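Note: hydrogens, waters and symmetry copies are ignored here, and every other heavy atom, side chains too, is used. Numbered from 1 within each chain, the chains take letters A, B, ... in sequence-line order. Bear in mind the structure is a predicted one, so any value in this text is a computation, not a measurement.
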Amino acid sequence: MGRVLPIRFYARPAVVVARELLGARIVSSVDGLLTVGRIVETEAYTGPDDEASHAAARIGRTARNAAMFGPPGSAYVYRIYGVHWCLNVVTDTVDHPAAVLIRAIEPITGIDVMHERRGRGTIARCLIGRGPGNLARALGIDGILNGQSLRVAPLRLLRGDAIDDAAIATGPRIGVTRAMDLPLRFFIRGNPSVSGRRKQSRPPER
DNA sequence: GGTCGGATCATCT
DNA sequence: GATGATCCGACCG
């Protein structure tokens, strides 16, 4: 399959990286168990001026968001609602806090492992990696990976297939309470693993 | 189909 | 002391 994505891939604005991460592969070997997924949905958190970001200027640098100020190509993993882990990819430059939240993957390898980690009985394939908390759980991701490089085991990102612009849709980010109008969510149109809006098929225009 | 609330806790004020 | 880049099951229609 593809090569490990190089630093220069990440050393660009979060919006660009979010768009180009679609189709990339996440390879996890956490606990010696191989799981691979294809990224189908992302969100960009662009920098200090992004009011919805954990590293917005009004918040500044804190213990939680420190990884966002680190080198591009590393992970920012945080716990939300005391329950779920979320995986972000750090982008742009050191000291410019920006990241891309991975919102959904399509399972490719190790589906049985992912299934078992989810621990909810039988789940449809397309639901295993749908939603940031769900995909983190399926891949065995937790806070230990915060700040770690995404170019070495146990968590690596590989170049995937190029996705046609026509196959990509954008929209407002999910669940945020600020900057709600910005179209910083990117997803592969019609993909069943995409979270957020459940009705993907829009009724014909009248 | 849709809406609602509980879980659960680290983080920040 | 309040909040949150979520998920799931309950309930309603």
Worksheet item: In terms of hydrophobic clustering (I, L, V, M, F, W, Y; side-chain heavy atoms under 4.5 Å; direct or indirect links), are A:I105 and A:L33 co-clustered?
Response: no
Worksheet item: Within the pair A:R79 and B:dT8, is there a side-chain N or O less than 4.0 Å away from OP1 or OP2?
Response: no
Item to complete: Please check if A:V113 and A:L87 belong to a single hydrophobic cluster, counting links between Ile, Leu, Val, Met, Phe, Trp and Tyr side chain heavy atoms closer than 4.5 Å.
Response: no
Worksheet item: Among residues 50-61 of chain A, which contact DNA chain C at a heavy-atom distance under 4.0 Å?
Response: A:A52, A:H54
Worksheet item: How would you label the contact of A:I80 with the nucleic acid (heavy atoms, under 4.0 Å): base, sugar-phosphate, or nothing?
Response: sugar-phosphate
Practice prompt. Would you mind classifying the nucleic acid contact of A:R173 as base, sugar-phosphate or nothing, using non-hydrogen atoms under 4.0 angstrom?
Written response: nothing
Fill in: Distance, rounded to the nearest Å, where A:M68 contributes CE and C:dA5 contributes C1'
10 Å
Worksheet entry | Separation of atom NE2 in A:H84 from atom C1' in B:dT11, rounded to whole Å | 17 Å
Practice prompt. Nearest whole angstrom, please: distance from the P of C:dC8 to the CD1 of A:I128.
Written response: 12 Å
Worksheet item: Touch check for A:N134, heavy atoms < 4.0 angstrom, all strands: base, sugar-phosphate only, or nothing?
Response: sugar-phosphate
Practice prompt. Identify whether A:V16 and A:L182 are in the same connected component of the hydrophobic contact network (ILVMFWY, side-chain heavy atoms under 4.5 Å).
Written response: no
Item to complete: Rounded off to whole Å, could you give me the CZ-to-P distance for the A:R64 and C:dA5 pair?
Response: 7 Å
Discussion item. Does C:dG4 have its OP1 or OP2 closer than 4.0 Å to a side-chain nitrogen or oxygen of A:R178?
Written reply: no
Item to complete: Under 4.0 Å from any atom of DNA chain C, heavy atoms only: list the residues of residues 138-148 of chain A that qualify, in numerical order.
Response: none
Worksheet item: Would a hydrophobic clustering, with Ile, Leu, Val, Met, Phe, Trp and Tyr connected at side-chain separations under 4.5 Å, put A:I26 with A:I111?
Response: yes
Practice prompt. Check whether any side-chain heavy atom of A:M68 lies under 4.5 Å from a side-chain heavy atom of A:S53, and answer yes or no.
Written response: yes
Worksheet item: Should the pair A:D161-A:R25 be classified as a salt bridge under the 4.0 Å nitrogen-to-oxygen rule?
Response: yes
Practice prompt. Could you tell me whether A:V176 contacts a base, only the sugar-phosphate backbone, or nothing, with contacts defined as non-hydrogen atoms closer than 4.0 Å?
Written response: sugar-phosphate
Fill in: Cationic tip of A:R151 above A:F9 ring, under 6.0 Å, 45° of axis
no
Item to complete: With pairs defined as Watson-Crick or G-U wobble and both distances under 3.5 angstrom, please note down DNA chain B as a dot-bracket string, | for pairing with another strand.
Response: |||||||.||||.
Worksheet item: Between A:L5 and A:L21, is a side-chain contact (heavy atoms from CB on, under 4.5 Å) present by the stated rule, with each step listed?
Response: CA-CA 10 Å; A:L5 289 168; A:L21 275 175; 4.0 Å; yes
Fill in: Side chain of A:A63 - closest among C:dG4, B:dC12, C:dT6
B:dC12
Fill in: Residue pair A:I59, A:R64: steps toward the side-chain contact (heavy atoms from CB on, under 4.5 Å) verdict
CA-CA 11 Å; A:I59 299 171; A:R64 176 173 73 159; 5.8 Å; no
Practice prompt. Test for a donor-acceptor pair under 3.5 Å between the base of B:dA7 and the side chain of A:Y81, counting only N and O atoms.
Written response: no
Discussion item. A side-chain contact here means heavy atoms from C-beta on lying under 4.5 Å apart; do A:R19 and A:P13 qualify?
Written reply: no
Item to complete: Figure out the CH2/C1' separation between A:W85 and C:dC7, and round it to whole Å.
Response: 16 Å
Practice prompt. Mind calculating the distance between CG (A:N65) and P (B:dT13) to the nearest angstrom?
Written response: 10 Å
Discussion item. Do the side chains of A:E41 and A:R130 get close enough for a salt bridge, i.e. N-O under 4.0 angstrom?
Written reply: no
Practice prompt. Is it possible for you to say whether A:L101 and A:L139 belong to one hydrophobic cluster, with membership spreading through side-chain heavy-atom contacts below 4.5 Å?
Written response: no
Worksheet item: Within this structure, what is the OH-to-C1' distance between A:Y78 and C:dT3, rounded to whole angstrom?
Response: 13 Å
